[in-house]
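Presented below is the structure to which this report refers.
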Amino acid sequence: MTTTAVAHETLSTAQAINRALHDAMTEDPAVLMLGEDVGPLGGVFRVTDGLTATFGEDRCFDTPLAEAGIAGFAVGLAMNGMRPVVEMQFDAFAYPAFEQVVSHIAKMRNRTRGRVELPLVIRVPYAGGIGGVEHHCDSSESYYAHTPGLHVVTPSNPSDAYSLLRSAIASPDPVIFLEPKKLYWAKGEVALGDRREPGIGTAVVRRQGTDATLIAYGPAVPVAMEAAEEAAREGRSLQVVDLRSIVPFDDATVCAAVESTGRAVVIAEAAGFASVASEIAARVSERCFHSLSAPVRRVTGFDIPYPPPKLEHVQLPSVARILDAVDDLQWEDA
Amino acid sequence: MTTTAVAHETLSTAQAINRALHDAMTEDPAVLMLGEDVGPLGGVFRVTDGLTATFGEDRCFDTPLAEAGIAGFAVGLAMNGMRPVVEMQFDAFAYPAFEQVVSHIAKMRNRTRGRVELPLVIRVPYAGGIGGVEHHCDSSESYYAHTPGLHVVTPSNPSDAYSLLRSAIASPDPVIFLEPKKLYWAKGEVALGDRREPGIGTAVVRRQGTDATLIAYGPAVPVAMEAAEEAAREGRSLQVVDLRSIVPFDDATVCAAVESTGRAVVIAEAAGFASVASEIAARVSERCFHSLSAPVRRVTGFDIPYPPPKLEHVQLPSVARILDAVDDLQWEDA
Amino acid sequence: MLLDPDGRPTAAGAARLPAGEELLRGLAGMITARRFNDQASALVRQGRLAVYPSSHGQEGCQVAAAQVLDDGDWLFPTYRDTAAAVARGVDPVEVLGLLKGDWHSGYDPYERRVAPLTTPLATQLPHAVGVAHAARLRGEGTVVLAMCGDGATSEGDFHEALNFAAVFRAPVVFFVQNNQYAISVPLARQTAAPTLAHKGVGYGIPGEQVDGNDLAALLDVLSGAVERARAGEGPQLVEGRTYRMQAHTNADDATRYRADGEVAAWVARDPLVRLETYLRTDGILDDARAAAFADAAEQVARRTRDGINRDVVPDPDDLFRYVYSEPTSQLVEQLALVHDELSRDESSRDESSRGEQSRAEAHR
Amino acid sequence: MLLDPDGRPTAAGAARLPAGEELLRGLAGMITARRFNDQASALVRQGRLAVYPSSHGQEGCQVAAAQVLDDGDWLFPTYRDTAAAVARGVDPVEVLGLLKGDWHSGYDPYERRVAPLTTPLATQLPHAVGVAHAARLRGEGTVVLAMCGDGATSEGDFHEALNFAAVFRAPVVFFVQNNQYAISVPLARQTAAPTLAHKGVGYGIPGEQVDGNDLAALLDVLSGAVERARAGEGPQLVEGRTYRMQAHTNADDATRYRADGEVAAWVARDPLVRLETYLRTDGILDDARAAAFADAAEQVARRTRDGINRDVVPDPDDLFRYVYSEPTSQLVEQLALVHDELSRDESSRDESSRGEQSRAEAHR
Ligand SMILES: Cc1ncc(C[n+]2csc(CCOP(=O)(O)OP(=O)(O)O)c2C)c(N)n1
Ligand SMILES: Cc1ncc(C[n+]2csc(CCOP(=O)(O)OP(=O)(O)O)c2C)c(N)n1
Ligand SMILES: [Mg+2]
Ligand SMILES: [Mg+2]
């Protein structure tokens, strides 16, 4: 057993993901990176930059342009000893692969009583806030989270991006790895090396607070943090929970947080109806019922197609909308 | 304006749907029926039985075996003056069409500022309880309900099947019409003719009750009704709400019902996580917060792939599970 | 065609007919396959299988697909290709796992290198390409034979799989069993291509059509394709023209969409009869050997019958056991709920008070 | 090829060159298309468009696609086919709606029978088949020309659309602009087919390859395909071999995946230069006419510039107005919430108390 020295570096989220890929590929020759434009171009977000040059065309390669084919091909690779990591170019362009994801990737292990494991990762740049045109800004996490058999994780910062991707690649189960596009360029300190903690399944309290709990994940976390800061200036102490892992869901951390404040707001970019935010609200309402001083509020995308660039600010959960929801938590009764 | 005489007949759900198709096709030559095996065979559930014979091969026809193609082809038909009704053979076999459904069918109207309407219906036999093998019993409603731009309806009896399908076909918007397979053979009295009421968007209280409210839709409704009867024998009065329409959601009816009893159990076959049941539980918990004497409980499918035939009884909401959930509604506090 | 429908060698047959022992092996396989098909259909009628899509009439294709492969190769079957899996040595009872309803799939895919029977049409084809590509990256000489039906060629996954295979030069033989129907839809409403073998052209994949009721020709063409794939010549496409002699499944009513006469014409081209006629005429098969084949087939049928008739008590815990390598905390909770329900069920069997009895009934 | 890269008629050209007026119309179209492309790219650099995938270099294909259609026909363009939409008479400013970011699509598809520019690759192709089939059911003589790129041919939807069209004998001309790249991925990694025109074979669809930088040949081949489709001969496939002379979009860096020399070789085959050389050499085009074409192009550029530079204040209500024919009660509630937010925003502009100011900022 070797202990790897852990180096710290300031990296953007995109760079942190790139490093996680690089380190996993270095460690295990079975790890392959594939998708559209992930080879010489390095991906449209440059997340796979340099991997083909470093590891060769057999390890990081472009496929024909067909997402169902990519996902299905990855299933075969995973069935036969490889650990494929797939990049879907954008959220909405993963939909052609939906049947492969739902009917095979999520079910193969169960179907074969664990005999066929699929250690594969599907990386999906998702959500909005980058002024992208139609089909480039969908928040598709609810489709995956509703599908039993998948793990669904999403980092909110470079450090988690690194460790979550390392543990996703190490997992014997398929993982949908959702990358908030608008955080690709956000920088942070990242501990590198053989680091898979925090891993899949653990939420974290990002900010302590006593008046109400904000529950967020992925791209909504920085907004929640900003709202908490703003609230502090207004004299209200908000706690912020970052889920990191949607499936499995860390009930213990979330419930403890909500019970400690008695009030909760769930924040997510996706359209709210029948979504991950609905699940969180329903769970918290059920499990923390007797601790709740007010109904759990949701600040989510509206139930509309994602807006064009000039109007996306209307759809995105904002500090203002979050604070208004907090205002609504029936303080007069307190 | 002619008034059509309304005849009553006892029909199975499959027959009622067949009649709705027949009547809509008679009324409007733009209505087309297409899909796999819907022609001479009449569909694997015989729902389209006789339509090709009656209306000819141009009106009810078999397509090549490709669901994305079918959905996309239907988009084109709808763009150009037709009102296509598509049959997907089984729930899981609609997944290949997911991109067409999410990226086009749900968005075309919005994309074009209402200039291109898509009056099309996608009929999906869904859910379990018929001893079907893998891929034939998925409850896929949450995927559709989460997608803005779609209407999503599901009847629980032959009479609603008729009127909901008539109004779905008459709608200028795309409608996902979910047909509970296990109810295909259930019979009931159906008022025929030019009847589109009750239509999309209205829930109904199927059974009055004062102690707690069961909220269900589609295949779960008969189970909820049975549970309410059993509870009555035990001296407990349960109200049953049948949603009929998932999107739009009838908040008024649902909230009034829950507020009248102060307790609620949501019942659905689908895996519970991030599902329609989550949405109902979250909505009710938020909107009826001060009327609730107990947390809203959910009786849903577990978060596992749909079981093989010999084990499906474990997954399906049963009278026993519903009554146990009702028992849990903190009566001691009452 | 190497043997004509009456079992006489054609001109090509005279030159390329496989060795007698190969053909005998093939005949034995077909006899077993036919017996297995008919046994499984009988088990459906007896209510022991949920459903059975029989390959009765397609046994030539079924057996040839298995026979041309080495042990290290892979076979990717559809729901209809149970007989091919049996021919490759998978336990017949385990092959029927999906159709019995105890579980979604019955055998260990790695044991005989047979992927699970796949129901969503054409979706197994890209898997096959991935398996082949992984083997090739490691320098293994594995060939993957992937089966699908005529109807499945219309699916996008068929297209994407062939294209991936061609671009990556993956050693995959795509074997389309054209049995003329996709449930009720005849080939002419499925495609306007001259033949399904022509579908290779658009990918740069060599395509060949073969009489799917002529085992000799199937062995010849498929083993050629397998050898070319193994030699690094890239993917191959083979169309076997055959016929689904029975309904799609027991739940189907084939009289709604095809005439008896059409079926009769194909029954006259039965692959078993054709090969047996030739082997007997040529003196390769004698009565003793034929009896031994029938016997072996009967043993497979008996094993199938016995195994399927054996009641397995399915374990609800299994539903939670295999979803992930470790159950999530959500699944742990949910399984506890199931156990709780089951124990209430148990106790209700004794007590029967407060309507528990009827709850238990509803639960079952 | 009817004109060689130096603008000289080939042997075939001598016989089949379209009429001079047709070619002049084509040249005028290409000059406008080029000017429009370059104007749009400039607007991206100026921050007025979110993104622009230029068809610079592909103007022959763009113009020919529009020119061969009648008014009653339909055109199905991709995101890159803005110049084709302009050539068909759609207002250039409205064409750029998607790329400006005011809305997802800018024009009324029914006005000039141009479907919305489609981003998800190949997904518009089955739509085109449906539109054609609906017209045919009503006995209309409509032809639908559906465009896609070389990369898009790998998608399942390409396959399914061609197959549907062939089986239903729908009057669709599939026009593949093979510009050699799908973003960074060259054709050789996209397909192993001899040509993309070969992809018709597997569907029973006639396929033809044409020099996509030779407008004369394009008009000849595409109008032939349109006429055959109109005459009831079923769908047609045409591959135009061309080149994307600039990066995929402004966000792309083409130097990462292709050499300058390759680009230069294609720039030497510019479709505008080729046709203009011929028309001048042959005396069909004179300076006056050429100046008029340049003028007309300049006017389109000016209209484009002016229109795109005009600031539209987008209305948040629109987000809720078009989702359904009638907003659901959920959307009515949600829109009220938006209005409420906006009014708080308004008031904060005056008050600026309790952190409202910064809330409003975050909101914007
Ligand atoms: C994606 C998908 N769509 C629909 C079905 C339903 N279905 C099962 S078998 C079948 C016909 C298949 O025909 P073919 O591919 O020719 O195979 P065969 O049954 O003739 O062996 C259909 C439509 C399915 N299993 N998967
Ligand atoms: C379904 C889908 N997958 C991925 C993308 C992302 N994408 C946009 S353009 C492009 C390349 C398209 O290449 P091609 O079809 O040759 O058209 P071109 O851009 O060269 O005109 C890709 C991969 C997309 N738009 N849709
Ligand atoms: Mg078939
Ligand atoms: Mg291209």
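Each chain gets a letter, A, B and so on, in the order its sequence line appears, and its residues count up from 1.
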Side-chain donor-acceptor contact under 3.5 Å, B:Arg113 with D:His104: no
Donor + acceptor pair across side chains of B:Asp91, B:His135 (<3.5 Å): no
Engaged part of D:Phe76 at the chain B interface, taking heavy atoms whose separation is under 4.5 Å: side chain
Which portion of D:Tyr324 sits near chain B, non-hydrogen atoms under 4.5 angstrom: both
Exercise: do B:Asn110 and D:Arg321 side chains pair donor with acceptor under 3.5 Å: no
Per-residue contacts, residues 156-167 of chain D versus chain B, heavy atoms under 4.5 Å: D:Asp157, D:Glu160, D:Asn163, D:Phe164, D:Val167
Any donor-acceptor N or O pair under 3.5 Å, side chains D:His127, B:Gln100: yes
Under 3.5 Å: donor-acceptor pair, side chain of B:Ser171, backbone of B:Ala168: no
Contact leader toward chain D among B:Thr112, B:Leu65, B:Asp250, B:Ile70, where contacts are heavy-atom pairs under 4.5 Å: B:Ile70
Interchain contact, B:Glu57 with chain D, by part (heavy-atom threshold 4.5 Å): neither
D:Thr142-D:Asp73 side chain donor-acceptor pair, cut-off 3.5 Å: no
Side chain, backbone, both or neither of D:Thr119 within contact of chain B (heavy atoms, under 4.5 Å): neither
Choice from B:Pro148, B:Pro64, B:Ala30, B:Pro248 maximising heavy atom contacts with chain D below 4.5 Å: B:Pro64
Face-on cation placement of B:Arg283 at B:Phe249 ring, 6.0 Å and 45° thresholds: yes
Which atoms of D:Leu319 approach chain B - backbone, side chain, both or neither, heavy atom under 4.5 Å: backbone
Options D:Leu125, D:Thr123, D:Val129, ranked by heavy-atom pairs under 4.5 Å with chain B, top entry: D:Thr123
Any donor-acceptor N or O pair under 3.5 Å, side chains D:Tyr79, D:Thr249: no
Side chain to side chain donor-acceptor pair (under 3.5 Å): pairs with one or both residues in residues 166-176 of chain D, sequence neighbours excluded: none
Partner chain D: residue of B:Met108, B:Lys107, B:His151 with the largest heavy-atom pair count (under 4.5 Å): B:His151
Structural part of D:Ala128 lying under 4.5 Å from a heavy atom of chain B: neither
Side chains of B:Gln89 and B:Asp37, donor plus acceptor under 3.5 Å: yes
When B:Pro84, B:Gly149, B:Ala68 are compared by non-hydrogen pairs under 4.5 Å with chain D, the top option: B:Gly149
Qualifying residue, where the test is salt bridge (charged side-chain N to carboxylate O under 4.0 Å, His left out) with D:Arg48 and the options are D:Asp311, D:Asp306, D:Asp102: D:Asp311
